[in-house]
Each structure stands twice: as C-alpha cells, then as structure tokens.
Amino acid sequence: MIERAWRTSNATPGSTTPRPSTAAVTEFIYAERGVVVRSFEPLLYGNDGEAARALPAEEGLPFDEFTGRSCLGLIDRLTGVQIERELLAAPQLTYWRPVEGF
C-alpha cells in the first residue's frame, strides 16, 4: 500500500513530507520539482505567522484542533493521495545500514 501511495505521489508534480520527531516537533514540507515551496510546524500553526504564508490548499483545515488529520487532508489536497487508516496501522518496512567508523 505504501508503494502505491509513493508511486502516486511521485507521479504528481509536488511531494509532501510530514516529519514527526522524537521531541514532539513536527514539520510539514511541500516541494515541487525538488524545490521546497512550503514548510511549517503544524503544532504551532496560527501562532507563528504561518497563516500569512499558507497555500490555498490549507484554507479551512483546522490545524489548531486536529493537527494530524489536517496534515493528512493537506497531503490529499496537494497530491491527490489519500492516506487511509489501514496504511498507517500496517507494519512498515524499516532498514538499518551500518555506518563505517561507529
């Protein structure tokens, strides 16, 4: 299912990356043809001037109430890829690659 979503998102001119971190900081990044068009911290949306830089696709999404759902909705609006609950709940492949010198 992830491969299908990846192929679909790469077939569109833009791509998105919501990135959570271990410090509970997230970042939403949208790029078109390799150039970052928009990036923001969804948890601080509306408190740090992000609304002034918002893309038209962000209009009406309740980042202040439903951050995760709003990010998924924005991915759908920007790429046409719907990320469904089954995809998020499914086991995901992870890879480990040793780094020389460590």
Side-chain angles (χ1 to χ4, degrees):
M1 205 183 295
I2 285 189
E3 187 178 328
R4 177 180 56 86
W6 183 83
R7 265 195 253 123
T8 306
S9 68
N10 282 321
T12 62
S15 61
T16 59
T17 306
R19 290 187 330 175
S21 75
T22 55
V25 175
T26 58
E27 183 177 18
F28 188 97
I29 302 170
Y30 176 66
E32 290 180 345
R33 293 172 179 73
V35 177
V36 174
V37 175
R38 176 88 165 101
S39 69
F40 63 91
E41 163 54 81
L43 294 173
L44 299 177
Y45 198 89
N47 295 321
D48 59 359
E50 288 302 330
R53 294 184 294 276
L55 297 172
E58 295 173 48
E59 186 175 336
L61 292 172
F63 285 98
D64 55 338
E65 296 176 39
F66 302 105
T67 305
R69 288 183 188 175
S70 294
C71 285
L72 294 176
L74 186 54
I75 290 170
D76 183 18
R77 289 180 181 185
L78 292 171
T79 67
V81 175
Q82 255 187 351
I83 299 177
E84 299 165 353
R85 181 180 308 267
E86 295 80 24
L87 176 66
L88 297 175
Q92 306 298 324
L93 291 176
T94 56
Y95 298 92
W96 178 79
R97 185 176 144 204
V99 178
E100 290 184 32
F102 285 92

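FYI, side chains are in, hydrogens and waters are out, and symmetry mates aren't considered; it's all heavy atoms of this structure.
The line from OG1 of Thr67 to CG of Leu72 is 11.0 Å long, rounded to the nearest 0.5 Å.
Sorted pairs that involve residues 75-94 and meet ring-ring contact (aromatic ring centres under 6.0 Å, His included), not counting sequence neighbours, are lacking altogether.
Here the closest non-hydrogen pair linking Gln82 and Asp76 is CG-OD2, 3.5 Å. When all heavy atoms of Pro42 and Cys71 are compared, the closest pair comes out as CG-SG, 3.6 Å. Shown here for Leu87 and Ile83, the closest heavy-atom pair between the two residues is CD2-CG2, 3.5 Å. Nearest heavy atom pair, residue Glu41 against residue Leu43, reads OE2-N, 2.8 Å.
For Arg77, the side chain to side chain contact (heavy atoms under 4.5 Å, CB included) partners at least two apart in sequence or on another chain are Ala57, Leu61.
Both Leu55 and Tyr45 belong to a single network of hydrophobic side chains, linked directly or stepwise wherever heavy atoms of I, L, V, M, F, W or Y lie under 4.5 Å apart. A continuous path of Ile, Leu, Val, Met, Phe, Trp and Tyr side chains, each step under 4.5 Å between heavy atoms, connects Leu74 with Val37, placing both in one hydrophobic cluster.
Taking the six-membered ring where the residue is Trp, Phe28 and Phe40 present parallel rings, their angle staying beneath 30° rather than reaching 60°.
With Arg53 contributing its side chain and Arg38 its backbone, the two residues share no donor-acceptor pair below 3.5 Å.
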